[in-house]
2 protein chains.
Amino acid sequence: MPARTPSSSGKPTRAGIVQIAARLGVSPSTVSRALRPETAHLVEAERRKAILDLAEQQRFSPNPGARMLRKGVNPTLTVVVPLDENIFFSEFYGRFLSGTLHAAAARDWDVHICTLHARAGADFRETMQHLGLDTSGIIYLAEPLPKAAVEQLRGYRRSLILARSCLPPGIVVRDIGSPVVGVDNIGGARSAASLLLQLGHRRIGLLLGPPTSRDAFERKAGYLEVLERGGVAPKSQWVFEGPFSTEGGRAGMNAMLKLETRPTAYCCANDEIAFGAIDAARAAGLECPRDFSVVGFDDGMWATASRPALTTVRQPLSELAERAVGLVIEGATAPGKAILPMQSDMPAALVIRDSTRAIGTAP
Amino acid sequence: MPARTPSSSGKPTRAGIVQIAARLGVSPSTVSRALRPETAHLVEAERRKAILDLAEQQRFSPNPGARMLRKGVNPTLTVVVPLDENIFFSEFYGRFLSGTLHAAAARDWDVHICTLHARAGADFRETMQHLGLDTSGIIYLAEPLPKAAVEQLRGYRRSLILARSCLPPGIVVRDIGSPVVGVDNIGGARSAASLLLQLGHRRIGLLLGPPTSRDAFERKAGYLEVLERGGVAPKSQWVFEGPFSTEGGRAGMNAMLKLETRPTAYCCANDEIAFGAIDAARAAGLECPRDFSVVGFDDGMWATASRPALTTVRQPLSELAERAVGLVIEGATAPGKAILPMQSDMPAALVIRDSTRAIGTAP
DNA sequence: ACTTGCAATGCAAACGTTGTCATTCATGGT
DNA sequence: ACCATGAATGACAACGTTTGCATTGCAAGT
């Protein structure tokens, strides 16, 4: 029968800085110091190496809970993304995430990423509670929130930033308890419409996103404002609302192609819609920009890679992410200070390329 | 002058279950129990209400660190992605990441994501050592590793999975200390080339990726193998190597356009290359698939959205991610057991769409 | 009246890490 | 020889919750 002394048990000394310390005959303090880069210099080189090696061999990693308890925060923020498999196809998430990653790294924070597996029954607040136990801040970038959920969020204690795209169109941003970051959709849309006006277009169509999306809603408002002020409000047949996809763009353009008098230019709420529209028109023998002009929205990678290169509105997503990260970290580290609900709008700049042309101009 | 006794200080009893308890003259245990739904029934109703009310009024929320320390944490795995701003534009990362997220969530693991801020001086092994401290398992998906780095990794004890795309072409996978996951590039490339052969093409060009990339290398091998066996090895002018981008495709196609006898079909190592090629040809008046056929590789979102819809090879990235997550978790939880170095190839299936056509066929 | 059982609560020991302070020992300057 | 300096380390007390166990009443069963 094997001896029953604890030391001989098969368990590989599970977890713990103290076990590591014991194995090496040093104190836990020393191990703790050796393990963290910022204090590692305090430990003699040889000993440090021994500690690191043993830690690796034992597959040790310090308990984040304990660390967090001790230090107050643990430098980790969580980005909540939608469940949808396809989110990454939209460059929005990719670019935002990439920006987050860099901004966080610059501040020495880690980035968690997770989806929200909404548990039936549990209300949204509860789900959020459960979510971020091990992080000090949350950036919400996921499914659009129903109004009720947004209201439950008021008084949520941890550092939480919402992306404005995730809010339903109806809600006033000021009413929300958390900071909200977003791109200046209205301003961007205004620039797009203004450009078309300046180029002499008077019949301008709108290929919009789904009315449930706040982004779509705001962009529409921006387009319409400029067109109406310019006295060229679009006929109702010139306004099409569909999904934010090439299919949406195709459907919209096909609808326009059936009309007797068509727009000479289109504001598309999205690059993908723009590509779909251009392509559907091409199938009907119409070329952009020879026969019509198009302005997109996003400035994704294909805006430059496609032909014609797309005139579009640049979403400053990395700046947006930078801002979100800054706010969330501030909220997580500013001790007592309540986080001010505030709105940050990042400007959206027009990028002029080859899909727009003054009306009636020969190449 | 105000009294200086601690009880009368202005501080609003910052944080803490004990302060709440003190205010109500009950023990911390009771407060703790009252605060959590699952134990709330242990506390007398009236008292519970009092506690909850005070907690609300004091804007109390339990210290997540302490709670975490008590309850234990779920383990995390870390995905290492390249520093490059643009990685998310390549759908590879997005889809892989999305798959990782789902696979990890299904097993109740959390996902970290980080880049490798290579600190000057520190060698790769050391960097990994530090990285490994904060996580239970690592999936390496970042910059291609130089041979030296790969060798340093031998004997690394933590759970680490490498994506085959991150290895330099020259290295034999069996020689590596860690499990490697990857897509069956060779098989996929074979299918692509075989399809073109079957459609009757005999002059087949290759628009490849950069020779430093293992993916490019393997795909090239797959194409060539089939073509050579079919007796239609491409002339050297028909083989072009460039970046994995539309620009690469454009450059390649433009080179082909200058030749007297051009290929009638092209294997492109990448969807983007394929799009670039199609577009460059169109600029010269050649239409796909009327005048030439193209097969891509990846099956990204634009493969279906563009016109012609692209015949391409589907990379089973979510399955790949699933596999990687499975392996990394296994490696992290199997106690003493060393992780077997092994290679997992996920099959890559051909998806036939509209960019390929039998040679000489009228529409 | 004496168990017995139950409900409500308090006590105190973890949980694993880190920062402060004190201790030890070697070094170099006077 | 003595003190000052500094590097390397150890001892120890937090950090705020949770939970097993002990305690106290109180009601019901014998």
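So that the names make sense, note that chain A is the first sequence line, chain B the second, and so on, each numbered from 1. Since the structure is predicted, the reported quantities are computational estimates derived from the model, not experimental observations.
Remark: Ser32(A) pairs with Arg36(A) by the side-chain hydrogen bond (donor to acceptor under 3.5 Å, both in side chains) rule, at least two apart or across chains. Partners of Thr115(B) according to the side-chain hydrogen bond (donor to acceptor under 3.5 Å, both in side chains) rule, which considers only residues two or more places apart in sequence or in another chain, do not exist here. Remark: Thr30(B) engages Ser27(B) in a side-chain hydrogen bond (donor to acceptor under 3.5 Å, both in side chains) (not counting sequence neighbours).
Open room surrounds CD on Glu56(B); 12 or fewer heavy atoms of other groups in view lie less than 6.0 Å from it. The environment of CD in Glu46(B) is sparse: at most 12 heavy-atom neighbours from other residues, nucleotides or ligands sit within 6.0 Å.
A salt bridge (charged side-chain N to carboxylate O under 4.0 Å, His left out) check over residues 141-156 of chain B, counting only residues at least two apart or in different chains, returns nothing.
Atoms CG (Leu133(B)) and P (dT17(C)) sit 11 Å apart, rounded to a whole Å. To the nearest angstrom, C1' of dT17(C) lies 14 Å from CG of Asn63(B). Atoms CD (Glu44(B)) and C1' (dG10(C)) sit 15 Å apart, rounded to a whole Å.
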Using nucleotides 19-21 of chain C, report all nitrogen or oxygen pairs with the protein that are shorter than 3.5 Å.
unit_1: dG19(C); atom_1: OP1; unit_2: Lys71(A); atom_2: NZ; d: 3.4
unit_1: dG19(C); atom_1: OP2; unit_2: Arg36(A); atom_2: NH1; d: 3.0
unit_1: dG19(C); atom_1: O4'; unit_2: Arg70(A); atom_2: NH2; d: 3.2
unit_1: dG19(C); atom_1: O6; unit_2: Ser29(A); atom_2: OG; d: 3.4

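For dT9(C), one of the phosphate oxygens OP1 or OP2 lies less than 4.0 angstrom from a side-chain nitrogen or oxygen of Arg47(B).
Distance alone, capped at 3.5 Å, places no donor-acceptor pair between the His112(B) side chain and the Val80(B) backbone.
With a heavy-atom cut-off of 4.0 Å to chain B, the contacted part of DNA chain D has its first and last nucleotide at dG16(D) to dG20(D).
Checked options Val26(B), Leu24(B), Leu52(B); the residue passing with Arg47(B) is Val26(B) (criterion: side-chain contact (heavy atoms from CB on, under 4.5 Å)).
In this structure, His41(B) and Pro64(A) both approach DNA chain C, and ranking their closest nucleotides by distance from the 5' end singles out His41(B). Across the interface with DNA chain D, nearest-nucleotide mapping of Leu69(B) and Ala45(A) shows Ala45(A) to be the residue nearer the 5′ end.
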